Amino acid sequence: MRTFEASVVTPDGPVYNAEVEMVIAKAKSGEIGILYGHVPLVAPLDIGVVRFKNGDQEKVVAVSGGILETRSNQVTILAQAAETPEQIDIRRAEEAKQRAEKRLHQSHQDDVDFKRAELALKRAMNRIDVYRHFSR
Ligand code: ATP
């Protein structure tokens, strides 16, 4: 399969860059797979894992929302935050999960706090998932 350049960039700098055959990401509209020659696309991403495949190699990045853009056979993910499995501090993610769960129990009266806690919980669970399944 033909390869193309894929990268993940955050406000803190680049997180990942590689030649790949396929990118699989969780867009707000559902899972999307991108191969060489994909039509230009801009898609908002959900909190989730992005997979980069090349042959039988697979690398993943935990992405906390953002935008995926593909054009001229390049895929760029602009993310609010993103980490490779090796970059994830599992202790921090577990503490964040506990804090978010506590806030969810306390904030039923306040929609804004509830939504914020829900998103924090989703980010933490995504990091824990990526760390558990892909770090070595
Ligand atoms: P926390 O409450 O622990 O800060 P958060 O979900 O609110 O978690 P974010 O706002 O998504 O954190 O990210 C802020 C910065 O911290 C980003 O650069 C992100 O990559 C980094 N970060 C957050 N959690 C972790 C983690 N568990 N391991 C490594 N980096 C992390």
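Predicted, not measured: the structure shown is a model, and the values here were computed from it. For ligands, and for the atoms within them, numbers begin at 1 and follow the listed sequence.
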A.B. asks: Look at atom 30 (N) of ligand 1 and say which protein heavy atom is nearest, naming residue and atom and giving the distance to 0.1 Å.
C.D. replies: E83 CG, 3.9 Å
A.B. asks: Go through the side-chain N and O atoms of N17 and E5 and say whether any donor and acceptor fall under 3.5 Å apart.
C.D. replies: yes
A.B. asks: Just need the protein heavy atom nearest to atom 18 (O) of ligand 1, so name the residue and atom and give the distance.
C.D. replies: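 Of every protein heavy atom, D12 OD2, 3.0 Å lies nearest to atom 18 (O) of ligand 1.
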A.B. asks: For atom 17 (C) of ligand 1, grab the closest protein heavy atom and report residue, atom and distance to one decimal in Å.
C.D. replies: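 Protein heavy atom with the smallest distance to atom 17 (C) of ligand 1: A81 CB, 3.8 Å.
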A.B. asks: Is R132 salt-bridged to E94, cutoff N-O under 4.0 Å?
C.D. replies: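 Counted as a salt bridge, because a side-chain N and a carboxylate O are separated by less than 4.0 Å.
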A.B. asks: Answer yes or no: is there a donor N or O on one side and an acceptor on the other, between the side chain of N126 and the main chain of I47, under 3.5 Å?
C.D. replies: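 Checking the backbone N and O of I47 against the side chain of N126, no donor-acceptor pair under 3.5 Å is found.
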A.B. asks: Give the residue, atom name and distance (to 0.1 Å) of the protein heavy atom nearest atom 29 (C) of ligand 1.
C.D. replies: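 Answer for atom 29 (C) of ligand 1: Q87 O, 3.2 Å.
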A.B. asks: In the protein, what heavy atom is nearest to atom 15 (C) of ligand 1, and what distance, to one decimal place, separates them?
C.D. replies: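 Protein heavy atom at minimum distance: R92 NH2, 4.0 Å.
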A.B. asks: Applying a strict 4.0 Å limit to heavy atoms, is Q80 in contact with ligand 1?
C.D. replies: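 Q80 does not count as a contact of ligand 1 under the 4.0 Å cut-off.
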A.B. asks: Of all the atoms in ligand 1, which lie at a distance below 4.0 Å from a heavy atom belonging to D89?
C.D. replies: 26 (C), 27 (N), 28 (N), 29 (C)
A.B. asks: Quick one: nearest non-hydrogen protein atom to atom 6 (O) of ligand 1, plus distance?
C.D. replies: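 Answer for atom 6 (O) of ligand 1: R123 NE, 2.6 Å.
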A.B. asks: Look at atom 2 (O) of ligand 1 and say which protein heavy atom is nearest, naming residue and atom and giving the distance to 0.1 Å.
C.D. replies: R99 NH2, 2.7 Å
A.B. asks: For the side chain of D89 and the backbone of R92, is there at least one donor-acceptor N/O pair under 3.5 Å apart?
C.D. replies: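 Yes, because the side chain of D89 sits within donor-acceptor range (under 3.5 Å) of the backbone of R92.
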A.B. asks: As an exercise, identify every atom of ligand 1 less than 4.0 angstrom from a heavy atom of I88.
C.D. replies: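 Answer, ordered by atom number: 28 (N), 29 (C).
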A.B. asks: Would you mind telling me which of V130, I90, V61, D129 makes a side chain to side chain contact (heavy atoms under 4.5 Å, CB included) with P85?
C.D. replies: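 Going through V130, I90, V61, D129 one by one, the side chain to side chain contact (heavy atoms under 4.5 Å, CB included) with P85 is satisfied by V130 alone.
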A.B. asks: Salt-bridged, K122 to E118, with N to O below 4.0 Å?
C.D. replies: no
A.B. asks: Can an N or O of R127 be found at a distance shorter than 3.5 Å from an N or O of ligand 1?
C.D. replies: yes
A.B. asks: Does R127 come within less than 4.0 Å of E83, counting only side-chain N to carboxylate O?
C.D. replies: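 The answer is yes: the pair qualifies as a salt bridge.
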A.B. asks: Within the 4.0 Å heavy-atom shell around A93, which atoms of ligand 1 are there?
C.D. replies: 27 (N)
A.B. asks: Looking at E58 and K53, is there a salt bridge between them, counting it only when a charged N and a carboxylate O are closer than 4.0 Å?
C.D. replies: yes
